[in-house]
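Pasting a structure here, questions to come.
Per chain, numbering begins at 1; letters A, B, ... match sequence-line order. Side chains are part of it too, since the values below use all heavy atoms of this structure and drop only hydrogens, waters and symmetry mates.
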Number of protein chains: 2
Amino acid sequence: MPNAIAVLEKPLDGRANPEKRVRDRAGTERAILDAAKRLLAKEGFQGFGINAVARGAGCDKQLIYRYYGGLDGLVEAIGADLGGWVKERIPEDAGGMFLLTYGDLMERLIVLFIEALRDDPLMRKIVAWEISENTEQVRRLSEARAKALALWIDRMRGSLTAPKGVDAVAVNAVLIAAVQHMVLSSATSGQCAGLSLKSQKDWEKATVAVKRIVRGIYG
Amino acid sequence: MPNAIAVLEKPLDGRANPEKRVRDRAGTERAILDAAKRLLAKEGFQGFGINAVARGAGCDKQLIYRYYGGLDGLVEAIGADLGGWVKERIPEDAGGMFLLTYGDLMERLIVLFIEALRDDPLMRKIVAWEISENTEQVRRLSEARAKALALWIDRMRGSLTAPKGVDAVAVNAVLIAAVQHMVLSSATSGQCAGLSLKSQKDWEKATVAVKRIVRGIYG
DNA sequence: CCCGATTGTCACTGGGTGGTGATTAACAGG
DNA sequence: CCTGTTAATCACCACCCAGTGACAATCGGG
C-alpha cells in the first residue's frame, strides 16, 4: 500500500532550511488547503485526517486548528474552492455544436460529464465519499458539488426544455447516477458490472451505450 | 463459593445472544460471522475491524485470528455466505409473468434488482466498499457478489437474447450502475442528483424512469 | 528601544487499533 | 483420579490518531 505521507512529503527536516516559509500566513493557509485537496484526491476520505494533512503541508497540525478551525473548516474551504471547478474543467459552450433538441443537449452534457469526472480524482473521491458517509462534512461538500454542477448545466441548457410526458428530473438522475457509478467503479477496479472499463476503447463503448439510452428517451 | 462460574454464565457485556456458549466452537464461529455481517451492514467498511467484530460477537479477538485467520479470512467467509443471498431474497421465477421479449426480461430484472438491493444493507455496504477501495478483501467480496448476481440472471434469462445491433453488455452495465448508485445515494442522503428518494412514491417515479429507459432501448 | 501580537513548533495526554504470547477454564480419554 | 488437549480470555506491545497547553521565534507599533 502506497503511503500517503511518502507521496506528499517534501524534503523534510525543518532544521536544515526553516526559512522557506517564515511567518507567511497566507502562504501557509494555501499550503494546507493544497495538501488537503491533494491528499483527498489521492487517498480518499479514508486516511484523511489532521495529521496526514499537516504532514503533507509541511507544517504543524496546530495551524490547521488555528486557521481553519479543524478538519470541518478545512473541508468547508475545499467545498468553497469547488465552485471554481466548472470554470477550469468544463467548457462553457457546446464546443461549436448546434444543440437543436433537448436530446442533443443531454447527449452532449452526459459525455462532457463523463470526461470531466474521469480525469478529476478529487471529484471522484468526493462522490465516493457522498455515498459512503452522511456526516455534516460530506453534506457540505456534496452541496457545493451539486451547486457547481447545476450552475454548469443551467449555463448550457439555454432555453431548451424536455419533451412533454417525460419525467426529465428522474431520467436525468438515473443517467447521472449511472455515469458516476461507472466512473467510480472504473477508477477502482477497472470494470463495472462485467463491462471492462480500462482502455479508451472500452470507454467509447460505454459512451455509445449511454448515448443510445439518451436517444432512446429523448429522441 | 463458585463465583467464577456465575460470572462466566452471565451475559456480562452487550452480547446480543446471552445463550451460554461455553466451549462451543461451532457456535462461536457462527457468532463471529454473524457479528461481522451485522457490523458491516450497519456501520459499513469504516470501523469494520478486528476489535469491533470481537466486541460485537462478545468474544475475544484472538478467536477471530484462530478460527478465521484474521479479517481477510472473515471477509472471505462472508463472501462464501453471499452465495445464499440469491436463494433467500430474489424469486427464481418471474412472478407469474410471461416474459416474451428481452425487454420484458430486463424490465423485470431491473425492478427486482432495485427492490432486492434496497432492503439489503449488507449488499449496499459491499457495493459502496467496492467503489471506495480496491484491496484483496474487497476484490474477493466483489467477486462473490458478481457470481451470485450472474447466477440469478442466468436463471431468469432462459433462452431470451438481446436484439441485434445493441451492445447489451454495455447497456446493462449502465443500467446496473445507475440502480446501484441511486440505491446507495438514497440510503445515505435520501436523494440522488436532485431527485428525492425517500418515500415509496419517490421510488416509483425512479422505477418508472428506469423502465422507460429499458423500453427506449429494448422496445 | 521595548512589548504585545502573530506565526510556528514541540511535547504531551487519552484513547483507539491491529497483533501476539502467556494464562486460565472446561472437557475427554486413559 | 490424573493428564493432555482444546476453547477462551487476559495482558501487553507498538503504533497512529485527535486535540491541547506551553513555548520559541519573529514581526510591528508605540
Side-chain angles (χ1 to χ4, degrees), chain A residues 1-6 8-10 12-33 35-36 39 43-75 135-137, chain B residues 1-13 15 17-33 35-36 39 43-75 135-137:
Chain A
M1 179 171 83
N3 200 348
I5 301 148
L8 295 172
E9 239 172 25
K10 312 186 155 198
L12 57 114
D13 196 347
R15 303 272 184 216
N17 46 352
E19 315 302 323
K20 191 76 175 187
R21 201 177 55 241
V22 270
R23 288 184 77 76
D24 175 13
R25 170 156 181 172
T28 303
E29 284 184 0
R30 226 179 314 115
I32 292 173
L33 187 60
L39 183 66
E43 304 294 329
F45 54 98
Q46 302 179 259
F48 181 73
I50 287 279
N51 290 302
V53 173
R55 234 170 289 146
C59 72
D60 197 276
K61 60 180 168 183
Q62 176 78 9
L63 299 183
I64 300 176
Y65 287 107
R66 217 173 272 166
Y67 298 154
Y68 290 96
L71 259 195
D72 293 354
L74 189 51
V75 169
T135 63
E136 191 56 37
Q137 280 184 9
Chain B
M1 195 144 184
N3 261 345
I5 295 172
V7 167
L8 278 177
E9 282 176 348
K10 251 201 303 193
L12 37 85
D13 55 345
R15 227 179 60 201
N17 197 351
E19 95 191 49
K20 71 178 188 177
R21 200 179 58 239
V22 267
R23 289 182 73 76
D24 175 13
R25 169 156 180 170
T28 303
E29 284 184 3
R30 224 179 315 115
I32 291 174
L33 188 58
L39 183 67
E43 305 292 331
F45 54 97
Q46 304 179 255
F48 181 74
I50 286 280
N51 290 300
V53 172
R55 228 172 293 141
C59 72
D60 197 274
K61 60 180 169 181
Q62 177 78 7
L63 300 183
I64 300 175
Y65 287 107
R66 211 168 281 162
Y67 298 155
Y68 290 96
L71 258 195
D72 293 354
L74 189 51
V75 169
T135 63
E136 192 56 37
Q137 279 182 10

* **Protein-nucleotide distance (B:L63, atom CG; C:dT24, atom P), rounded to Å** =>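 To the nearest whole Å, that distance equals 18 Å.
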* **Backbone of A:L63 reached by a side-chain donor or acceptor of A:D60 within 3.5 Å** =>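 No, the answer is negative, given that no donor and acceptor are paired below the 3.5 Å cut-off.
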* Asked: Among D:dT20, C:dG19, C:dT9, which nucleotide sits nearest the side chain of A:C59?
  ->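 Per side-chain heavy atoms of A:C59, the pick is C:dT9.
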* Nearest-angstrom distance from the residue atom CD of A:Q137 to P of D:dA18 ->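 Nearest whole value for this atom pair: 11 Å.
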* For the pair made of CG in B:D60 and P in D:dC12, what is the distance, rounded to whole Å? ->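 Answer to the nearest Å: 14 Å.
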* To do: Ignoring hydrogens and angles, tell me if any N or O in the side chain of B:Y68 forms a donor-acceptor pair with the backbone of B:E29 under 3.5 Å.
  =>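 It does hold such a pair.
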* Asked: Taking the side chain of A:T28 as heavy atoms from C-beta outward, which of D:dG19, C:dG8, C:dT20 is closest to it?
  ->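 Closest nucleotide to the A:T28 side chain: C:dG8.
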* Asked: If we only count heavy atoms from C-beta on, is the B:E136 to B:D72 side-chain gap below 4.5 Å?
  ->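 A side-chain contact under 4.5 Å is absent here.
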* To do: Decide yes or no for B:I32 and B:V53: does some side-chain heavy atom of the first lie under 4.5 Å from some side-chain heavy atom of the second?
  =>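 Result yes, sub-4.5 Å side-chain heavy-atom pair found.
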* Counting heavy atoms from C-beta on, name the nucleotide in C:dA11, C:dT17, C:dC10 closest to the side chain of B:R55. =>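 Of the options given, the side chain of B:R55 lies nearest C:dT17.
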* Starting at atom CD of B:E29, determine the distance to atom P of D:dA7, rounded to an integer number of angstrom. =>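 Computing the B:E29:CD to D:dA7:P distance gives 9 Å.
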* Could you tell me whether the side chain of B:F48 reaches within less than 4.5 Å of the side chain of B:E43, counting heavy atoms only? =>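 The answer is no, as the side chains (C-beta and beyond) never meet within the 4.5 Å cut-off.
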* To do: Looking only at side-chain atoms of A:Q62, point me to the closest of D:dT20, C:dT20, D:dA7.
  =>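 Ranking D:dT20, C:dT20, D:dA7 by closest atom to the A:Q62 side chain puts D:dT20 first.
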* **Within-4.5 Å side-chain heavy-atom neighbours: B:F45 and B:Q137** =>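 Result no, sub-4.5 Å side-chain heavy-atom pair not found.
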* Asked: Roughly, in whole Å, what's the span from CZ in A:R25 to P in C:dT6?
  ->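 Taking CZ of A:R25 and P of C:dT6, I get 9 Å after rounding.
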* Asked: Is any N or O donor-acceptor pair between the side chain of B:R23 and the base of D:dA8 shorter than 3.5 Å?
  ->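 For B:R23, whose side chain was compared with the base of D:dA8, there is no donor-acceptor pair (under 3.5 Å).
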* **Interface with DNA chain D, restricted to residues 44-53 of chain B and to heavy atoms under 4.0 Å** =>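 Within this stretch, nothing sits under 4.0 Å of the strand.
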* Of the nucleotides C:dT9, D:dG19, D:dT9, which has the atom closest to the A:R66 side chain? ->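 My answer, after comparing the listed nucleotides, is C:dT9.
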* Asked: To the nearest angstrom, how far is A:D24 atom CG from D:dT26 atom P?
  ->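 In whole Å, D:dT26 P lies 15 Å from A:D24 CG.
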* **Any B:Y65 side-chain nitrogen or oxygen under 4.0 Å from OP1 or OP2 of C:dG19** =>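 True: B:Y65 side-chain N/O within range (under 4.0 Å) of C:dG19 OP1/OP2.
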* If we only count heavy atoms from C-beta on, is the A:Y65 to A:I50 side-chain gap below 4.5 Å? ->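 They are in contact (side-chain heavy atoms under 4.5 Å apart), so the answer is yes.
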* Asked: Expressed in angstrom and rounded to an integer, what is the separation of A:I64 atom CD1 from C:dT7 atom C1'?
  ->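 These atoms are roughly 15 Å apart.
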